[in-house]
Protein chains: 2
Amino acid sequence: MISQKAKYALRALAALARADNKRPMLIAEIAEQQKIPKKFLEQILLDLKHRGLVMSKRGKEGGYLLLKPAEEITFGEILRMIDGPIAPLPCLSQTAYRKCDDCLSEQECEIRHVFARVAEATREVLFNATIADTLDGQNRAAVVLAG
Amino acid sequence: MISQKAKYALRALAALARADNKRPMLIAEIAEQQKIPKKFLEQILLDLKHRGLVMSKRGKEGGYLLLKPAEEITFGEILRMIDGPIAPLPCLSQTAYRKCDDCLSEQECEIRHVFARVAEATREVLFNATIADTLDGQNRAAVVLAG
DNA sequence: ACTAACTCTACCTACTAGATAGAGTTAATT
DNA sequence: AATTAACTCTATCTAGTAGGTAGAGTTAGT
């Protein structure tokens with residue numbers, strides 16, 4: 001299961017992608033629209049900002065904006081940011097490889113081969129799905145035209 | 001990531017599958033061979049016993065035996081037992097479906113479609129991989145002949 | 001009776017998820 | 001320059017879980 005936090009992050013990005021990208025969107029607006037606890041969402045957006053996915057403006061008329069086109073933000077990269085490695089075993093992670101403490105040899109590990117296939121299949125989906133895929137037909141067309 | 005416990009369970013089953021199925025295998029043997037903390041493995045095997053995957057014999061000459069052929073024990077069923085649902089979202093679980101608290105409509109959920117594909121891809125691998133796949137060529141041949 | 005081995009329940013410690021609280025900072029407006 | 005809307009940051013809290021340990025109880029072979 002993915003974390004609640006990752007779910008919120010994806011839905012917040014989806015909300016931003018759907019919004020008019022000329023005017024920033026308030027944390028409060030996103031929170032209400034997506035039923036996300038506001039203070040929790042603050043943290044999430046701040047984090048996404050530090051990682052360069054969104055930008056913010058303070059003060060009156062402030063809010064958040066998407067910094068990259070929705071088609072360039074993959075589910076995989078968001079999940080990896082929030083929940084950590086995609087791989088089901090540490091010894092299969094691309095970004096946080098770690099040898100299993102209890103495993104004598106990776107070549108001989110009884111279960112590694114199977115999970116390698118799981119990892120591959122999962123990545124295939126997650127890195128080919130983007131925030132643009134969350135938009136319905138109408139919105140997606142608008143985004144493509146604008147982009 | 002799968003839990004350490006699930007990893008241990010799979011490796012313990014692999015050890016049992018590789019063993020001579022005429023003589024029970026001691027918890028201590030499995031623990032040593034697979035570098036699993038013995039007392040923790042006790043719990044895991046007991047759990048697997050209650051679920052009908054292995055049987056045990058107490059007292060002298062006791063130990064554990066596989067109850068089903070290795071080819072009939074899938075990775076998916078073990079993972080589901082130990083770690084719970086395979087699906088990345090509660091609303092996509094086959095065995096423990098639960099509506100997301102914060103999601104208004106499943107039809108319109110921005111992220112559900114993508115994760116449905118993840119779930120499908122993962123299940124495809126996990127329910128087609130069995131404990132028999134953990135055996136190397138030599139052992140697998142022996143098991144097939146014996147079965 | 002002895003003892004090897006599984007059985008069961010309880011417990012422990014560290015960590016994480018999922019938040020909430022509140023003081024601080026910035027910038028537009030009046 | 002005062003006000004206020006809005007983001008920023010750090011601290012804190014609570015419940016739950018992972019991963020493991022302890023130890024008394026039970027069974028069955030010798």
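The sequence lines fix the lettering, A, B, ..., with proteins before strands; numbering per chain opens at 1.
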- Item | Partner residues of B/F127 under the ring-ring contact (aromatic ring centres under 6.0 Å, His included) criterion, sequence neighbours left out | none
- Message: Heavy-atom nearest nucleotide on DNA chain C for B/L26 versus A/Y8: which residue maps closer to 5'?
- Response: B/L26
- Message: So for the helix from C/dA1-D/dT30 to C/dT30-D/dA1, with five pairs setting each end axis, what is the inter-axis angle to 10°?
- Response: 0°
- Task: Just grab all the side-chain hydrogen bond (donor to acceptor under 3.5 Å, both in side chains) pairs involving residues 26-35 of chain B, residues at least two apart or on different chains.
- Result: A/E110-B/Q34, B/R11-B/Q34, B/R18-B/Q33
- Query: In whole angstroms, how far is the C1' atom of C/dA5 from the CD1 atom of B/I30?
  - Reply: 13 Å
With a 3.5 Å cut-off and sequence neighbours excluded, list the donor-acceptor pairs that the side chains of residues 82-91 of chain B form with protein atoms.
residue : atom : partner : partner atom : Å
B/D83   : OD1  : B/S3    : OG           : 2.5
B/D83   : OD2  : B/S3    : N            : 2.9
B/D83   : OD2  : B/S3    : OG           : 3.4

- Residue list, side-chain contact (heavy atoms from CB on, under 4.5 Å) with B/A121, at least two apart or on another chain: A/A121, A/V125
- Message: Quick check on contacts: within residues 31-57 of chain A, what sits under 4.0 Å from DNA chain C by heavy-atom distance?
- Response: A/P37, A/K39, A/F40, A/Q43, A/K57
- Item | Sequence neighbours excluded, every pair satisfying ring-ring contact (aromatic ring centres under 6.0 Å, His included) that has a member inside residues 2-55 of chain A | A/Y8-A/F40
- Selection residues 79-98 of chain A - residue pairs positive for ring-ring contact (aromatic ring centres under 6.0 Å, His included), sequence neighbours left out: none
- Task: Could you list all the side-chain hydrogen bond (donor to acceptor under 3.5 Å, both in side chains) pairs where at least one residue sits in residues 54-65 of chain A, not counting sequence neighbours?
- Result: A/K49-A/S56
- Partner set under side chain to side chain donor-acceptor pair (under 3.5 Å) for B/N128, not counting sequence neighbours: none
- Task: Return the 5'-most residue of the pair A/K60, A/S3 with respect to DNA chain C, ranking by each residue's nearest nucleotide.
- Result: A/S3
- Note on the structure: Counted 5' to 3', the first and last nucleotides of DNA chain D within 4.0 Å (strictly under) of a heavy-atom of chain A are D/dA5 to D/dA11
- Task: Quick one: which residue pairs count as a ring-ring contact (aromatic ring centres under 6.0 Å, His included) with a foot in residues 98-126 of chain A, not counting sequence neighbours?
- Result: A/F115-B/F75
- Message: Are the side chains of A/I131 and A/I73 in contact, using a 4.5 Å heavy-atom criterion?
- Response: yes
